[in-house]
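Down below is the structure, laid out as structure tokens.
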Amino acid sequence: MEIYCKDKWMLHNAIFLAEQLSISNLFGVVNIKRLPPTMPQKGLVEFSKGDTEIDILIKYDNERFITLAHEMVHVRQILTTGIPDEIEAGRLEKTLKTLDKATALLL
């Protein structure tokens with residue numbers, strides 16, 4: 001899996017989450033972008049059925065890494081079953097670990 005994001009802290013967290021979800025070895029390209037502030041949701045995933053390129057859009061608020069964890073669960077679902085499941089994503093977003101600022105600065 002290839003993950004792209006201009007924000008290095010967000011990128012390192014996405015890679016860390018992909019490893020926890022055991023999807024870092026799957027074929028796919030993930031682009032993480034900032035969600036426009038006018039959009040009401042915290043995050044969303046854009047993809048075309050059968051396509052291996054996935055865009056994640058994240059609202060940059062203080063819950064952005066929880067939102068990233070949620071959306072990375074959707075990436076796993078899309079690449080494995082093709083069907084996003086909000087119940088599983090909501091459950092796992094609370095159990096997945098993210099990097100803190102001090103750890104991210106060391107990377």
Side-chain angles (χ1 to χ4, degrees):
M1 171 177 296
E2 297 176 45
I3 303 174
Y4 298 99
C5 183
K6 290 180 181 179
D7 179 336
K8 287 191 189 299
W9 188 21
M10 185 70 74
L11 176 63
H12 287 302
N13 269 289
I15 292 167
F16 187 60
L17 289 162
E19 290 168 356
Q20 290 176 72
L21 292 166
S22 300
I23 59 172
S24 54
N25 63 339
L26 294 179
F27 181 73
V29 176
V30 177
N31 301 298
I32 303 169
K33 303 172 185 177
R34 187 181 297 252
L35 186 69
T38 56
M39 306 230 10
Q41 58 268 71
K42 297 257 183 200
L44 61 94
V45 174
E46 294 181 335
F47 68 100
S48 296
K49 199 165 193 112
D51 193 4
T52 56
E53 186 158 344
I54 300 168
D55 291 337
I56 296 176
L57 290 93
I58 301 285
K59 182 171 277 188
Y60 269 60
D61 60 11
N62 28 339
E63 295 180 0
R64 65 186 169 272
F65 296 111
I66 295 168
T67 304
L68 177 64
H70 182 99
E71 302 306 338
M72 288 298 289
V73 173
H74 286 318
V75 168
R76 182 184 70 185
Q77 295 165 342
I78 292 161
L79 292 176
T80 57
T81 67
I83 303 168
D85 177 357
E86 283 298 325
I87 295 170
E88 180 187 34
R91 182 176 47 82
L92 289 178
E93 76 183 25
K94 295 170 180 63
T95 61
L96 292 166
K97 305 285 185 236
T98 57
L99 301 169
D100 60 20
K101 284 184 182 182
T103 306
L105 292 174
L106 296 173
L107 297 174

Going hydrophobic residue to hydrophobic residue with side-chain gaps under 4.5 angstrom, can you get from [X] over to [Y]?
{"X": "Leu21", "Y": "Phe65", "value": "yes"}
{"X": "Trp9", "Y": "Leu17", "value": "yes"}
{"X": "Met1", "Y": "Leu11", "value": "yes"}
{"X": "Leu92", "Y": "Ile15", "value": "yes"}

Exercise for the section: Go through the steps to decide whether Leu26 and Val75 satisfy the test side chain to side chain contact (heavy atoms under 4.5 Å, CB included), and finish with yes or no. Expected result: CA-CA 10 Å; Leu26 294 179; Val75 168; over 6 Å; no

Hey, are the side chains of [X] and [Y] touching, using non-hydrogen atoms and a 4.5 Å cut-off?
{"X": "Val73", "Y": "Leu96", "result": "yes"}
{"X": "Met10", "Y": "Ile56", "result": "no"}
{"X": "Ile66", "Y": "Lys42", "result": "no"}
{"X": "Ile78", "Y": "Val45", "result": "yes"}

Kindly list each side-chain donor-acceptor pair under 3.5 angstrom involving residues 33-41, sequence neighbours excluded, with atom names and distances?
none

Problem - Ion pair check, Arg76 and Glu88, cut-off under 4.0 Å - result: yes

Practice task
Could you tell me which residues satisfy salt bridge (charged side-chain N to carboxylate O under 4.0 Å, His left out) with Lys59, sequence neighbours excluded, listed by chain and number?
Solution key: none

Practice task
State which residues pass salt bridge (charged side-chain N to carboxylate O under 4.0 Å, His left out) with Glu46; sequence neighbours excluded, sorted by chain then number.
Solution key: none

Practice task
Among Asp7, Leu68, Leu57, Asn13, find the residue that satisfies the side-chain contact (heavy atoms from CB on, under 4.5 Å) test when tested with Ile32.
Solution key: Leu68

Gap separating the [atom1] atom of [X] from the [atom2] atom of [Y], nearest 0.5 angstrom:
{"X": "His12", "Y": "Thr98", "atom1": "NE2", "atom2": "OG1", "result": "14.0 Å"}
{"X": "Glu19", "Y": "Lys97", "atom1": "CD", "atom2": "NZ", "result": "15.5 Å"}
{"X": "Glu53", "Y": "Glu2", "atom1": "CD", "atom2": "CD", "result": "9.5 Å"}

Completion exercise
Residues joined to Val29 in its hydrophobic cluster, side chain to side chain under 4.5 Å directly or through other members, sorted by chain and number, are Tyr4

Problem - ring-ring contact (aromatic ring centres under 6.0 Å, His included): pairs with one or both residues in residues 69-97, sequence neighbours excluded - result: His70-His74

Completion exercise
For residues 17-63, the ring-ring contact (aromatic ring centres under 6.0 Å, His included) pairs (sequence neighbours left out) are none

